[in-house]
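A quick write-up on the structure given underneath.
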Protein chains: 2
Amino acid sequence: MSVFAGQGDPTVSMTLLWATPEPGRARTAPGPKPALSVEAIVEAAIAVADAETVAGLSMRTVAERLGRSSMALYTYVPGKAELLDLMYDRVHAELSHDHDRGEGWRAAVTSWATELRAFYLRHPWVLQVSHARPVLGPHEQAVLETLLGLLVETRLPARTLRGVVNLLFNHVRGSSQTVAESQQAAVTTGTSDQDWWAARAAVLAEVAPDFAERFPRTVELGRDPAPSWDQQVEETFMTGLSVLLDGIEAATAHASPRDGKAD
Amino acid sequence: MSVFAGQGDPTVSMTLLWATPEPGRARTAPGPKPALSVEAIVEAAIAVADAETVAGLSMRTVAERLGRSSMALYTYVPGKAELLDLMYDRVHAELSHDHDRGEGWRAAVTSWATELRAFYLRHPWVLQVSHARPVLGPHEQAVLETLLGLLVETRLPARTLRGVVNLLFNHVRGSSQTVAESQQAAVTTGTSDQDWWAARAAVLAEVAPDFAERFPRTVELGRDPAPSWDQQVEETFMTGLSVLLDGIEAATAHASPRDGKAD
DNA sequence: TCCATCTCCTTACGCCATAAGCTATCGTTG
DNA sequence: CAACGATAGCTTATGGCGTAAGGAGATGGA
């Protein structure tokens, strides 16, 4: 299984991904007409993954949803790895590329990050797919291009920009992953996040009564909490993002000190 | 399988984790003496995971390494999820807690981040374990406490500090994950990272000849590359970290503008 | 000595991805 | 129109996985 797949045969995956719809071929094919299509399979697989988490995504569950046997899928898709590649890129088509740049790059990037986060929370399984060797599908590619578009006015050199882009993706992905995993754990275990933490705290008090002495700063970190758990998570994300943007601002100042911030 | 486990029974895991070595019990037990121990199993499991990647970690492979059958492990450990919890915490014991604070928090945090990154690259499977509902073992806890210790002199309020800590972990984890996944993919597929990218670029050129027109900024992002791939990755990490630290510095200024940076 | 207890084993179940080979369908060609 | 050959989707089988169930043998205390 290897949840962090994304390692289908590059050639196959990419051909399927960027597929111009098969110019020559088709039409003159003997044999029964295909009742399915790569498209339909990918769609069904996404539906399954959204609903059941990535662990519940199997060739069988996808095929069942389409009223076929699992082996039928192999006519259209070489294997599960390639299917994941296709799902991954396809789902990225949901993201928009027209963030308002009128109020400066800070606001625009914030909008981008917020949307991306919501996207990851809608499709948590996306975070389980490796992005080390990106599928390089058109839709995923567009997300990066869009972000770069929002950052042009910072005029950062490529080397700095690579660091910044990485940082942004890591923050959004990491923050989303925490939430996504929490939510999923809540479903799997049947315990709400709050209950879970309460239970864990109780056990901890029993098993490590000296916790507060050993980890005083950690305890202190819990001070001044947001009114609700959800708000706390949200706040942590936004605070981090804001700090990050401050960092970018500082970097623009380093890069072109004589321009200042004027454009 | 469910690679992103970390969801063993909280009580069980935590009891095992913080275990004072079983005060009452022991000694007076009939039956054969245990030939294994939780300790030995965890150690073996870590060795397997380090060597074989998390996908190669199964109860069978761990047991084999110890010359036992897989079911023998269940005498010591309730299941794989709990075993992962134990491995996760145990391996964090490798991290040090005496970063030099003499040259200010920037240097200290950089040292912390660098060490943590190296740690993740030594034990890539750690990144596959969910940190949404942390195991709350002593060694993992200590990592957070240590970081907080390095950040005290920033005097950031708890709310900001939560954002900053999150940001730092996300950056280190995210950056490490990319590298780790690359390395693993290199092993699994037998293609080096460089070859893989070359192959993918070739396919891309064939399948999407208009790439440069559609994604001009992405192309531009590749300008001015570091001399080697490894250096590029390293540089991206360090640049991001530096931007991030600039952001923290800015936050300290916001928080207590009249103090300035003096302490 | 006997027995309760404990370790470790074998066996089995229900998942998973997917290899192999069959059947039924259908466009094409004689 | 019949026969052919390509094709879609099926059944079956293989070798993995985590782990439930229950049996065999060892061992300390009664």
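Note on naming: letters A, B, ... go to the chains in the order of the sequence lines (proteins, then strands), and numbering restarts at 1 for each one.
Under the side-chain hydrogen bond (donor to acceptor under 3.5 Å, both in side chains) criterion, A:Glu145 pairs with B:Thr218, sequence neighbours left out. Every residue meeting the side-chain hydrogen bond (donor to acceptor under 3.5 Å, both in side chains) condition with A:Trp125, not counting sequence neighbours, appears here in chain and number order: A:Asp50. Partners of A:Glu234 by side chain to side chain contact (heavy atoms under 4.5 Å, CB included), not counting sequence neighbours, listed by chain and number: A:Arg117, A:Met238. Remark: B:Glu94 engages B:Arg122 in a salt bridge (Lys or Arg N to Asp or Glu O under 4.0 Å) (not counting sequence neighbours). Listed by chain and residue number, nothing satisfies the side-chain hydrogen bond (donor to acceptor under 3.5 Å, both in side chains) test with B:Thr75 (two or more places apart in sequence, or in another chain).
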Pairs under 3.5 angstrom, nitrogen or oxygen only, protein versus nucleotides 23-25 of chain C, please.
| unit_1 | atom_1 | unit_2 | atom_2 | d |
| --- | --- | --- | --- | --- |
| C:dT25 | O2 | A:Pro32 | N | 3.4 |

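Look at B:Ser58 and you'll find a side-chain N or O under 4.0 angstrom from OP1 or OP2 of D:dC17. For C:dC8, one of the phosphate oxygens OP1 or OP2 lies less than 4.0 angstrom from a side-chain nitrogen or oxygen of B:Tyr76.
Residues B:Leu73 and B:Leu36 form a side-chain contact, since some pair of their non-hydrogen atoms from C-beta on lies under 4.5 Å apart. Contact of the B:Leu95 side chain with the B:His139 side chain is not registered, since no non-hydrogen atoms from C-beta on lie closer than 4.5 Å. Two residues are said to be in side-chain contact when any heavy atoms from C-beta on lie closer than 4.5 Å; A:Leu84 and A:Tyr88 fail this criterion.
Atom OH of B:Tyr74 and atom P of D:dG18 are 6 Å apart (whole Å). Between A:Leu36 atom CG and D:dT7 atom C1' the separation is 14 Å, expressed in whole Å. Distance, B:Lys80 NZ to D:dA20 C1': 17 Å, rounded to whole Å.
Note on the helix from C:dT1-D:dA30 to C:dG30-D:dC1: angle between the axes of the first and last five pairs equals 30°, rounded to 10 degrees.
Taking the six-membered ring for Trp and the full ring otherwise, the centers of A:Trp112 and A:Phe169 sit less than 6.0 Å from each other.
Residue pairs meeting the salt bridge (Lys or Arg N to Asp or Glu O under 4.0 Å) criterion with at least one member in residues 51-63 of chain A: none, sequence neighbours excluded. Note on residues 62-72 of chain A: no pairs pass salt bridge (Lys or Arg N to Asp or Glu O under 4.0 Å), not counting sequence neighbours. Applying the salt bridge (Lys or Arg N to Asp or Glu O under 4.0 Å) rule to pairs touching residues 33-43 of chain A yields A:Glu39-A:Arg90, sequence neighbours excluded.
A:Ser175 places no side-chain N or O within donor-acceptor distance of the main-chain N or O of A:Val172, the cut-off being under 3.5 Å.
Shown for residues 37-48 of chain A: no residue has heavy atoms falling under 4.0 angstrom of DNA chain D. Of the residues in residues 59-71 of chain A, A:Met59, A:Arg60, A:Ser70, A:Met71 come within less than 4.0 Å of DNA chain C through at least one heavy atom, sorted by number.
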